[in-house]
Participant: 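Take this structure, written in structure tokens, and hold onto it; I'll ask about it next.
None of these values were measured; they are calculated from a predicted model.
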Amino acid sequence: MMKGEAGRMQHSDKPKQEGHIWGSMRRTAFILGSGLLLLVAFWNSVTWHLQRFWGASGYFWQAQWERLLSTFEGKEWALYIIGATQVPVLLFWAFNGLLLVVDTTGKPNFISRYRIQVDAEKLRQSVRTVLFNQCVISLPMLVFLYPILKLWGDPCRRELPTFHWFLLELAIFTLIEEVLFYYSHRLLHHPAFYKKIHKKHHEWTAPIGVISLYAHPIEHVVSNMLPVMVGPLIMGSHLSSITTWFSLALITTTISHCGYHLPFLPSPEFHDYHHLKFNQCYGVLGVLDHLHGTDTVFKQTKAYERHILLLGFTPLSESIPDALKKME
């Protein structure tokens, strides 16, 4: 009798789970569609002032771009390599260099006081892995991307993109990254892949900025590189858009891993909680986590209350302390 009931319960659970997944997908489509409609509705009013600034400075940037093109005439591929790989990497290491100084020395104090968690071990090995991923995996992938982009339109074409088109590209890049990163990341947490691949990244339960690219080579390709590369590939983007997007993506992932909830920068609490608990907060924006219910535990924590843009200089760990710390 009990075996029969258990069998019926398992059989009835499957349709519920499938219904939940399809319901989540429908809600995802509805939210993304509504967001795009709102973007279109407010496009002119939101971007009017920014367009005036762009129009005033556009001739300057166009002139600088044409000067670069004349310097690299016949060697546009070299200009692409510099823009798509070297500029984002230099920004990545400049930002992480500052954070590494704070992580290893605890100084200056006005930055270290914003630390969420503290664990500075395994740093040297992590830096070696990051450099390997950047030099041996990222660089060849981006070099290979160049001839593919040429098929859609030369990324080093003479005309810079308009401001409106640039904003549209960034919006599309962000949505594509959210979808591809969420599902690839969640797939890597499947028992079949986690132990052999994704566990390496989760060696850091209290992450620091540089380990945003500390990952198994397969994960680096599938979950770090492809979600960022697919958008520019689909859009046939100009090098200026590609350089800006890759730089923003690297800085954003550094902030989400850095362990510092700094004033006027995006909150890292969401992804920091993922490293703490492993089975929550898989995405970047949190939209798909909300729709799939993979942020329900996070929403019951103090970390969720602190998951806001800090507009003052009092650390949120002090103004919204954890319950145990408050009792002490």
Participant: Val222: which other cluster members, linking ILVMFWY side chains closer than 4.5 Å, directly or transitively?
Facilitator: Leu187, Leu188, Phe193, Ile197, Ile218
Participant: Carefully, step by step, assess Leu262 and Leu310 under the rule side-chain contact (heavy atoms from CB on, under 4.5 Å).
Facilitator: CA-CA 7 Å; Leu262 297 169; Leu310 177 57; over 6 Å; no
Participant: How close do Ser223 and Pro227 get, counting heavy atoms only, and between which atoms?
Facilitator: O-CG, 3.4 Å
Participant: Between CG of Leu226 and CZ of Phe181, what distance do you get to the nearest 0.5 Å?
Facilitator: 12.5 Å
Participant: Find out whether Tyr214 and Pro207 are in side-chain contact, i.e. whether some heavy atom of one side chain is under 4.5 Å from a heavy atom of the other.
Facilitator: no
Participant: Rounded to the nearest 0.5 Å, how far does OG1 of Thr129 lie from CD of Glu203?
Facilitator: 8.0 Å
Participant: So does Trp93 have more than 12 non-hydrogen atoms from other groups sitting under 6.0 Å from CH2?
Facilitator: yes
Participant: Could you report the tightest heavy-atom contact between Ser247 and Val87, atom names first, then the distance?
Facilitator: OG-CG1, 4.2 Å
Participant: Considering only heavy atoms from C-beta outward, does the side chain of Tyr194 approach that of Phe278 to under 4.5 Å?
Facilitator: yes
Participant: When rounded to the nearest 0.5 angstrom, what distance separates CG in Leu170 from OG1 in Thr244?
Facilitator: 7.5 Å
Participant: Using a strict threshold of under 4.0 Å (side-chain N to carboxylate O), is an ion pair present between Arg306 and Asp322?
Facilitator: yes
Participant: Side-chain contact, heavy-atom cut-off 4.5 Å: Val102 with Lys107?
Facilitator: no
Participant: Is Leu90 reachable from Ile255 through a run of hydrophobic residues whose side-chain heavy atoms are each under 4.5 Å from the next?
Facilitator: no
Participant: I need the Leu99 CG to Asp103 CG distance, nearest 0.5 Å.
Facilitator: 6.0 Å
Participant: Does Phe264 have any ring pair (Phe, Tyr, Trp, His ring centres under 6.0 Å) partners at least two apart in sequence or in another chain, and if so, which?
Facilitator: Phe313
Participant: Atom CG in Leu100, atom SG in Cys258: separation rounded to 0.5 Å?
Facilitator: 11.5 Å
Participant: Using the six-membered ring wherever Trp is involved, compare the ring planes of Tyr182 and His292 and label them parallel, tilted or perpendicular (cut-offs 30° and 60°).
Facilitator: parallel
Participant: Determine the interplanar angle of the His189 and His202 rings, folded into 0 to 90°, and report it as parallel if under 30°, tilted if 30 to 60°, perpendicular if over 60°.
Facilitator: perpendicular
Participant: Please check if Leu149 and Leu151 belong to a single hydrophobic cluster, counting links between Ile, Leu, Val, Met, Phe, Trp and Tyr side chain heavy atoms closer than 4.5 Å.
Facilitator: no
Participant: Taking it one step at a time, do Ser240 and Trp61 satisfy side chain to side chain donor-acceptor pair (under 3.5 Å)?
Facilitator: CA-CA 10 Å; Ser240 59; Trp61 294 115; over 6 Å; no
Participant: Could you grab the distance from atom CD1 of Ile242 to atom SG of Cys156, nearest 0.5 Å is fine?
Facilitator: 8.0 Å
Participant: Can the ring centroids of Tyr304 and Phe298 be said to lie less than 6.0 angstrom from one another?
Facilitator: yes
Participant: Testing Trp165, Trp65, Trp152, Trp245 for ring pair (Phe, Tyr, Trp, His ring centres under 6.0 Å) with His238, which one passes?
Facilitator: Trp65
Participant: Do Tyr273 and His307 have ring centres separated by under 6.0 Å?
Facilitator: no
Participant: Is a side-chain donor or acceptor of Ser256 paired with a backbone partner of Thr253 at a separation under 3.5 angstrom?
Facilitator: yes
Participant: Between His257 and His201, what is the ring plane arrangement, given parallel below 30°, perpendicular above 60°, and tilted in between?
Facilitator: perpendicular
Participant: Checking Ser138 side chain against Asn133 main chain: does a donor-acceptor pair fall under 3.5 Å?
Facilitator: yes
Participant: Should Glu269 and Ile308 count as side-chain neighbours, where that means a heavy-atom distance under 4.5 Å?
Facilitator: no
Participant: Looking at Glu318, I'd like to know if its CD atom is crowded, meaning that more than 12 non-hydrogen atoms belonging to other residues, nucleotides or ligands lie closer than 6.0 Å.
Facilitator: yes
Participant: Quick one: salt bridge (charged side-chain N to carboxylate O under 4.0 Å, His left out) partners of Lys299, sequence neighbours excluded?
Facilitator: Asp295
Participant: Looking at Ser237 and Arg157, what are the two nearest heavy atoms and their distance?
Facilitator: C-NH2, 3.7 Å
Participant: For side-chain contact (heavy atoms from CB on, under 4.5 Å), just list the numbers for Thr85 and Tyr80, CA-CA rounded to whole Å, side-chain angles, deciding distance to a tenth of an Å, and then say yes or no.
Facilitator: CA-CA 8 Å; Thr85 66; Tyr80 166 82; 5.9 Å; no
Participant: Please report the shortest heavy-atom distance between Leu309 and Pro266, naming the atom on each side.
Facilitator: CD1-N, 4.3 Å
Participant: Is there a donor-acceptor contact under 3.5 Å linking the side chains of Tyr260 and Asp272?
Facilitator: no
Participant: Holding to ring pair (Phe, Tyr, Trp, His ring centres under 6.0 Å), I want the full list of residues that pass it with Phe132, two or more places apart in sequence or in another chain.
Facilitator: none
Participant: Is the backbone N or O of Val297 less than 3.5 Å from a side-chain atom of Gln280, with the two atoms forming a donor-acceptor pair by type?
Facilitator: yes
Participant: Measuring only between side-chain heavy atoms, which start at C-beta, is Tyr146 closer than 4.5 Å to Glu76?
Facilitator: yes
Participant: Might you point out which heavy atoms bring Leu250 and Val89 nearest each other, and give the distance in Å?
Facilitator: CD1-N, 4.2 Å
Participant: Quick one: ring pair (Phe, Tyr, Trp, His ring centres under 6.0 Å) partners of His220, sequence neighbours excluded?
Facilitator: none
Participant: Mind checking whether Leu142 and Phe246 have side chains closer than 4.5 Å, heavy atoms only?
Facilitator: yes
Participant: Is the His274 ring parallel, tilted or perpendicular to the His198 ring (thresholds 30°, 60°)?
Facilitator: tilted
Participant: Is there a path of hydrophobic side-chain contacts, each under 4.5 Å between heavy atoms of I, L, V, M, F, W or Y residues, that connects Val101 with Val127?
Facilitator: no
Participant: side-chain contact (heavy atoms from CB on, under 4.5 Å), that's the test. Do Gln134 and Leu131 meet it? Break it down for me.
Facilitator: CA-CA 5 Å; Gln134 288 181 321; Leu131 288 171; 4.1 Å; yes
Participant: Does the side-chain contact (heavy atoms from CB on, under 4.5 Å) test come out yes or no for Ser317 and His261, once each step is laid out?
Facilitator: CA-CA 9 Å; Ser317 58; His261 196 147; over 6 Å; no
Participant: Please report the shortest heavy-atom distance between Asn96 and Thr254, naming the atom on each side.
Facilitator: ND2-OG1, 3.2 Å
Participant: I want to check something: taking the side chain as every heavy atom from C-beta on, are Pro232 and Phe173 in contact at a cut-off of under 4.5 Å?
Facilitator: yes
Participant: Name all residues meeting the side chain to side chain donor-acceptor pair (under 3.5 Å) criterion together with Glu66; count only those two or more places apart in sequence or in a different chain, and write none if there are none.
Facilitator: Gln62
Participant: A side-chain contact here means heavy atoms from C-beta on lying under 4.5 Å apart; do Val143 and Ile81 qualify?
Facilitator: yes
